[in-house]
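Please read the structure below before turning to the comments.
Not measured: the values here are computed from a predicted model. When a ligand or atom number is given, it counts from 1 through the structure's own listing order.
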Amino acid sequence: MKRLAEALQQRRKETLYRTRRVVATPQQPELQVDGKSMVAFCSNDYLGLANHPDVIRAMQQGATEYGVGSGAAHLITGHSRPHHALEEALAEFTNRPRALLFSTGYMANLGVITALLKSGDRLFEDRLNHASLVDAGQLSQAKMKRYRHADPHSLRIQLETSEGGQALIATDGVFSMDGDLAPLPSLVELAHAHQAWLMVDDAHGLGVLGSEGGGTLSYFNLGLEEVPILMGTLGKGFGTYGAFVAGSEALIETLIQQARSYIYTTAPPPALAQATLVSLQVAGQESWRRERLKSLIARFRDSVIQIGLPLMDTLTPIQPIVAGSAQQAVAWSQQLESDGILVSAIRPPTVPDGSARLRITFSANHTDRHLDRLLDALSKLSREVT
Ligand SMILES: *Cc1c(COP(=O)(O)O)cnc(C)c1O
């Protein structure tokens, strides 16, 4: 254990040590964190549904009706009526023949990639893909290549110079740490030209992009033909917990038979599915939440440009401000914290070396006053930096 203690000490020295905070309130802009009141800009609860009264009520009723535990895996006796109804609702929401629930997005990605690819197959991933897609590639028997971020040219060269069995291209729809979109129309063309399957992980796009929250695919107007594999999570825009994969009958049946992270795990609580059924409805219908995000983002971007801090090119609620070194990012985050603003510093290995950042995210529940306070604190930062 001495070796571990030394490695931890080294981490501390490099400002890469991570700690957890204890939150004593539901997810909302104003949090009690380690006993302090803070306005938080770091949750993925973009639509503000994690603490929505109708969603809470649905979970309570679900618990009354179905209890808490599901008791078993989906293939034994864990697949209850609310799970089934939610899968049907997700298929309809994404306009796909079927959907399959997973316990988490991490497990969905592991399950899909290991179930679909075998030894000799080829997997192509964007370099900035979420860790779960990268881990899935490492777990699968396929040969994985990572192309330059959002660069179809780099992908094309890799497709042209590799040979083997089935090819699968996997990408985030909205990149989780940068907030930019994958160049999906170009990826669709390349997939078509090389008979590759295309998989989009739309953890940060669903609920947020598209007029009814249909996500990145709806933003680009792409369907099942163009993107046969869609993965979505329920713990971000939809405000609850879990994940799903949506696609053809053959895709979903293959996953039920072969995705080990689906088969060998306990089904999520049925009450959670009841809650998600309601949050899915609210997310689809209440477009004002997406409009609210747009206006917060527009005002934020205009003001930050005036303040003179470096923004990234993104239209999503993920609005990073790049600090460079881990030390700078942590120092900024601490300064904001002393003004009662909570924004996490994202450091390597979550992002590449030299691109540590403040990852600012917005929720439809942020008020103008919350945004004012953030902008105030940011303008102090910029004065202290220059
Ligand atoms: C959060 C996230 C996941 C993991 O989903 P969980 O349900 O939190 O396990 C997968 N992919 C992306 C792009 C994510 O942002």
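Any N or O atom pair closer than 3.5 Å counts here, and S176 shares no such pair with ligand 1. Between H204 and ligand 1, at least one pair of N/O atoms sits closer than 3.5 Å. Geometrically, ligand 1 and D172 share no nitrogen or oxygen pair separated by less than 3.5 Å. Every N/O-N/O distance between A243 and ligand 1 stays at or above 3.5 Å.
The side chain to side chain donor-acceptor pair (under 3.5 Å) test with N109 singles out one residue from D135, D201, N129, and that residue is D201. A side-chain contact (heavy atoms from CB on, under 4.5 Å) with R357 is found for exactly one of I321, V343, D178, namely D178.
Annotation for ligand 1: atoms under 4.0 Å from non-hydrogen atoms of T104 are 7 (O), 9 (O). Near G105, meaning under 4.0 Å from one of its heavy atoms, ligand 1 places the atoms 4 (C), 5 (O), 6 (P), 7 (O), 9 (O). Listed by number with element, the atoms of ligand 1 under 4.0 angstrom from any heavy atom of D201 are 10 (C), 11 (N), 12 (C), 13 (C). Applying the 4.0 Å criterion to heavy atoms of Y106 picks out, from ligand 1, the atoms 4 (C), 5 (O), 6 (P), 9 (O).
Ring-plane geometry between Y262 and H74 is classed as parallel, the angle between the planes falling under 30 degrees on a 0 to 90 degree scale with a further cut at 60. Under the 30°/60° scheme for interplanar angles, the aromatic rings of H366 and F41 are found to lie parallel.
Ligand 1 has at least one atom lying under 4.0 Å from a heavy atom of S132.
At a heavy-atom distance under 4.0 Å, only side-chain atoms of K236, from C-beta outward, approach ligand 1.
Judged by distance alone, the side chains of S37 and Q32 do bring a donor and an acceptor atom under 3.5 Å apart. Remark: the H370 side chain and the E30 side chain contain an N/O donor-acceptor pair separated by less than 3.5 Å.
For H149 and F175, the ring centers are positioned less than 6.0 Å apart.
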